[in-house]
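Only one structure is covered here, and it is reproduced in the block below.
Since we're looking at a predicted model, the values are computed, not measured. Just so we're on the same page: letters track the sequence lines, and every chain starts at 1.
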Protein chains: 2
Amino acid sequence: MNERHETPEPETPEPMSETRLTELLRRAGLRPTRQRLALGQLLFGSGDRHVSAEALHAEVEAAGESVSLATVYNTLHQFKRAGLVRELAIDGSRAYFDTNVSNHNHFFIEDAGELMDIDSGSIRVDGLPEPPEGMRISHIDVVVRLVKA
Amino acid sequence: MNERHETPEPETPEPMSETRLTELLRRAGLRPTRQRLALGQLLFGSGDRHVSAEALHAEVEAAGESVSLATVYNTLHQFKRAGLVRELAIDGSRAYFDTNVSNHNHFFIEDAGELMDIDSGSIRVDGLPEPPEGMRISHIDVVVRLVKA
DNA sequence: TTACATGCAAACTGTTTGCAAATAT
DNA sequence: ATATTTGCAAACAGTTTGCATGTAA
């Protein structure tokens, strides 16, 4: 396992050429294999996305590429280590990955298990208490849970 | 935006008599069995608590009462349905239950997997965007993740 | 007495891992 | 050539469930 920890690429969304994708992977220290290119295309080829491993696996199969579920998991974790995706703790029962790695928050539609970004500018959190001695804040997650009105 | 299902009684923390606990369970429509009394004592007998099922099981065994893990799970869910505890989505790998069912937020110490309440008054969230059509906000979770400084 | 609760082990879900075969450089 | 990556199936953790037995009312 040799991950290169570099500043995550400000990738342009929208259909990404294989060359761009290859570059992206290379810079992350990952060989551009068929599987990683297929997953990368789905993840980074069309704006910000929220996926579970299972869902991404279904998608890649539907797209005609065969990639094992284990590889989907491994790849998502490699992408995460490379800073290309962020993992979200939303719902204990499955892991969600977000291709938007910038600072932003989420709506979560409970019944549908569906996630949506909240524009980064809108929410403001203040009145934060001091973290306990010897600790620092690494990240603040805000999840706005929605139900049918 | 600060919707709350009516919480069924702000029970007094601190060592709770068996009679009080029995009452509490009765009002929740739950028979005061040995197991539920033992778990209830641990959960509601000493201020606000954050527990995983596994940890609570260890505790109750350590306290000399034998309660199966399955019963711990079942009981936590019954307590949750009764509004006596709240389940937290913090970390995909295990479920945490919080005996503080009022509106408040959390510090989460990543490495230790430890949770702490943040005083309810301190954090303020504003600039919330409108929920999508036909949806309403059921709850807002704020988790402040901490790492060693 | 009877409806509810428990314990056990087995089932299940989502995720991870070990290892031989395949692939990228 | 060789280091990395993959797929598979088996392992795994946490959680849930079916059912016979035990218990509260």
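When the nucleotides C/dA9, C/dT15, D/dG14 are ranked by their closest atom to the side chain of B/Ala70, C/dA9 comes out on top. The side chain of B/Ala53 sits closest to D/dT15 out of D/dT15, D/dG7, C/dT25.
With rounding to whole Å, B/Asn74 atom CG is found 10 Å from C/dG7 atom P. Whole-Å rounding puts the B/Asp91 CG to C/dT15 C1' distance at 13 Å. Whole-Å rounding puts the B/His77 NE2 to C/dA5 P distance at 16 Å. Straight-line distance from the CZ atom of B/Arg81 to the C1' atom of C/dA5: 13 Å, rounded to whole Å. Rounded to whole angstrom, the span from the CG atom of B/Leu25 across to the P atom of C/dC4 amounts to 16 Å.
When heavy atoms are screened at a 4.0 angstrom cut-off, B/Ser52 is found touching no nucleic acid atom at all. Within the 4.0 angstrom heavy-atom criterion, no nucleotide atom of any strand lies near A/Thr22.
An OP1 or OP2 oxygen of C/dG14 is reached within less than 4.0 angstrom by a side-chain nitrogen or oxygen of A/Arg94. For D/dG7, the OP1/OP2 oxygens have a side-chain nitrogen or oxygen of A/Gln35 closer than 4.0 Å. Between B/Thr33 and C/dT6 there is a side-chain N or O to OP1 or OP2 distance below 4.0 Å. Residue B/Arg34 has a polar side-chain atom (N or O) positioned under 4.0 Å from OP1 or OP2 of C/dG7. At the phosphate of C/dT6, neither OP1 nor OP2 sits under 4.0 Å from any side-chain N or O atom of B/Thr71. At the phosphate of C/dC4, neither OP1 nor OP2 sits under 4.0 Å from any side-chain N or O atom of B/Gln78. Listed pair B/Arg36 / C/dA5 meets the phosphate criterion, a side-chain N or O lying under 4.0 Å from OP1 or OP2. Listed pair A/Tyr73 / C/dT15 meets the phosphate criterion, a side-chain N or O lying under 4.0 Å from OP1 or OP2.
Classification of B/Asp98 and B/Arg86 as a salt-bridged pair fails, no side-chain N sitting under 4.0 Å from a carboxylate O.
A/Asp117 places no side-chain N or O within donor-acceptor distance of the main-chain N or O of A/Asp119, the cut-off being under 3.5 Å. A/Arg36 places a side-chain N or O within 3.5 Å of a backbone atom of A/Arg31 that can act as its donor or acceptor partner. Between the side chain of B/Arg49 and the backbone N or O of B/Leu42 there is at least one donor-acceptor pair closer than 3.5 Å. In terms of modelled atom types and a separation under 3.5 Å, the side chain of B/Thr99 and the main chain of B/Val85 share no donor-acceptor contact.
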